[in-house]
Enquirer: 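Let me begin by handing over the structure; questions about it come next.
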Amino acid sequence: MIEGREVPVQDIVNSVFGLAGHHALVTGGSSGLGFDIARCFLAAGARVTITGTDRAKLDSAVTELGENAAGFVCDVTQLDAADDFAGRV
């Protein structure tokens with residue numbers, strides 16, 4: 001209850017932890033923990049960009065994540081690639 005009225009728990013969670021209007025970048029987001037983190041950001045309302053080194057895995061992950069997700073091939077361990085990526089996002 002907030003100010004004498006019933007408020008759904010999900011509304012309270014979204015008001016505190018919601019990410020609507022934000023954009024998250026998840027490196028290594030095409031599988032494993034990175035993919036799950038991307039899903040959590042999306043569930044909280046953020047747009048998400050994931051990176052990885054395998055185009056096929058990225059495409060599959062973006063398809064599964066949905067319309068608020070995008071993917072870019074980028075090896076963040078290569079500084080030149082990371083600089084180029086930063087210029088594209």
Enquirer: With the 4.5 Å side-chain cut-off for hydrophobic clustering, are F35 and L33 part of the same group?
Expert: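 Result: yes, single cluster for both.
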Enquirer: If hydrophobic clusters are built from ILVMFWY residues whose side chains come within less than 4.5 Å, do V62 and F72 share one?
Expert: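 No; tracing contacts between hydrophobic side chains, which count when under 4.5 Å, never links both residues.
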Enquirer: If I take atom OG from residue S30 and atom CZ from residue R55, how far apart are they, to the nearest 0.5 angstrom?
Expert: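 CZ of R55 is found 10.5 Å from OG of S30.
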Enquirer: How many angstroms lie between OG1 in T53 and CG in L58, if you round to the nearest 0.5 Å?
Expert: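 The CG atom of L58 is 8.0 Å from OG1 of T53, to the nearest 0.5 Å.
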Enquirer: Would you say the side-chain atoms of T63 pair up with the backbone N or O of D59, donor to acceptor, closer than 3.5 Å?
Expert: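 Between the backbone of D59 and the side chain of T63 there is a qualifying donor-acceptor contact (under 3.5 Å).
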Enquirer: So, taking the atom named CG in L65 and the one named CZ in R47, what distance separates them when rounded to the nearest 0.5 Å?
Expert: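 Interatomic distance, L65 CG to R47 CZ, rounded to 0.5 Å: 14.5 Å.
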Enquirer: Out of the candidates L42, I50, V26, T27, only one should pair with I37 under the side chain to side chain contact (heavy atoms under 4.5 Å, CB included) rule; please name it.
Expert: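 Testing each of L42, I50, V26, T27 against I37, the sole residue satisfying side chain to side chain contact (heavy atoms under 4.5 Å, CB included) is V26.
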